[in-house]
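Side chains included, hydrogens not; waters and symmetry mates left out as well; all remaining heavy atoms used. Sequence lines set the chain letters: A, B, ... in the order given, protein chains first and strands last, and positions in each chain run from 1.
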There are 2 protein chains.
Amino acid sequence: MIRVLLADDEHLIRGAMAALLALEDDLTVTAQAATGAETLSMARALHPDVAVIDLQLPDLDGVAVAQRLHRDVPACRTMIVTSHGLPGHLRRALAAGVRGFLPKTAAAEILAGVIRTVAAGGRYVDPQLAAEAISAGESPLTVRETDVLILAASGAPIDEIARRASLSSGTVRNYLSAAAGKLGAANRHEAARLAREQGWI
Amino acid sequence: MIRVLLADDEHLIRGAMAALLALEDDLTVTAQAATGAETLSMARALHPDVAVIDLQLPDLDGVAVAQRLHRDVPACRTMIVTSHGLPGHLRRALAAGVRGFLPKTAAAEILAGVIRTVAAGGRYVDPQLAAEAISAGESPLTVRETDVLILAASGAPIDEIARRASLSSGTVRNYLSAAAGKLGAANRHEAARLAREQGWI
DNA sequence: GGTCACCGATGACATCTGTCATAAAGCCCC
DNA sequence: GGGGCTTTATGACAGATGTCATCGGTGACC
């Protein structure tokens, strides 16, 4: 029997997925968590075989949760389920040692199969998303360009970004100009949108 | 037996919700749709008692689907399920005659109950969201201000917004300035973010 | 040791954007 | 008919933003 931990902040979805998995004879949902912290403490206590983690959790990023889980409960395999199938997220997840990556648009019938694959030590990545991730490539932005673009994404004026990043406003403008240039955007706001669509920020 | 139509573009979620509803003796999921168009044609053919519609569908807005459904299949009650519980969305849905509004963060156990309530001609709105909707009030923006702000939300420069809205760039700047003022934003990008968070655009 | 990329900064310049005053047209309501 | 609001527009101005050249410092790589 494969013991599964379900982590999703959307209670309705979590319950529905539990109902779906309850139909399988060889799977049992031993715990459900709504936050990253809950996921970690439950996994430490119960040692599930597979943790199915939503990418968007209120406190921690799903990938960050997976990373800590690998450190604290090495026997527990992890897989990510997400609404927004962005290439950059897949890339980050795989780098963190996640073994399965499934957008919520995938067919309901394959979830159990993927859990079995992951539990057995295999890997599964949604084929369409994998293709996109390969064709999209990685972020062309440097670390600081990314930092500044994240701060710019809220729509704040340059001065506030500079204050929050502890940089001079001139430097911020240079970084944003560089980022917009690399992304082919007309201004920083369009750049932020494009980077978000790729999962780079 | 209450006959339910499920509309959600996320196949995994749709399937999981179907599994959840299959546990109820008095409910049966007679059809599943992934788009607004599919929802409408299936509802016309099958006349379900209740349509459970996700707010985000690839082609049409969930509320727009509900509106057309009321016209084409008046006996079919509608309810909306959504990831993002924004006050503005609830307001629009109720105005369109939707009888149930449930964020996906609601407990899985209540879904079946809400469907029964809606099927019986009752109404159900998530209590927390209802409180927010009341306290938030309606959008202070005029129709054109909203239009222009929607176009601005992509991060495009003023000239392109003007071109797409068939307005002079000066007029666009006036509208955006007015919108930013009403929303207390420092610039149009922050204004767009704030309006999005309220579900006004 | 030299080259290269990244980080951080400054200064100058042109352009974009936000703001305000003003105005004409249309509509609704009293 | 007048008052108020919306839509659309123009002109003017200050300040914000994007772009570019240039500089010094740091760490990696050959």
Base of C:dC16 paired with side chain of A:Asn187 (donor-acceptor, under 3.5 Å): no
Side-chain N or O of A:Ser168 closer than 4.0 Å to phosphate OP1/OP2 of C:dG8: no
B:Glu190 CD to C:dG18 C1', straight-line distance once rounded to whole Å: 13 Å
Closest to side chain of A:Leu167, choosing from C:dA9, C:dT17, D:dT7: C:dA9
Under-4.0 Å side-chain N/O to phosphate OP1/OP2 contact, A:Thr142 with C:dC7: yes
Polar side chain donor-acceptor pair, B:His89 to B:Thr82, under 3.5 angstrom: no
Distance-minimising heavy-atom pair for B:Thr117 and B:Arg123: CG2-O, 3.8 Å
Whole angstrom value for the distance that separates P of D:dC5 from OH of B:Tyr175: 15 Å
Spatial distance of atom CZ (B:Arg116) from atom CG (B:Leu27) [nearest 0.5 Å]: 5.0 Å
Donor-acceptor pair, side chain of A:Glu160 and main chain of A:Ala156, under 3.5 angstrom: no
Separation of D:dA9 C1' from B:Glu145 CD (nearest whole Å): 15 Å
Upstream residue (5' side of DNA chain D) when A:His189 and B:Ser169 are each assigned their closest nucleotide: B:Ser169
Sugar-phosphate, base or nothing in reach of A:Leu176, heavy atoms under 4.0 Å: nothing
Given DNA chain C, 5'-ward residue of the pair B:Gly181 and A:Arg173, judged by closest heavy atom: A:Arg173
Length of the CG-C1' vector between A:Asp147 and C:dC6, whole Å: 13 Å
Beyond-backbone contact of B:Val125 with B:Leu94, side-chain heavy atoms, under 4.5 angstrom: yes
Atom-to-atom span, CD1 of A:Ile158 to P of D:dT19 - whole angstrom: 11 Å
Below 4.0 Å: OP1/OP2 of C:dG18 and any side-chain N or O of B:Arg188: yes
OP1 or OP2 of C:dA9 under 4.0 Å from side-chain N/O of A:Thr171: yes
Any N/O donor-acceptor pair, B:Asp159 side-chain to C:dC16 base, under 3.5 Å: no
Base of C:dT17 paired with side chain of B:Asn174 (donor-acceptor, under 3.5 Å): no
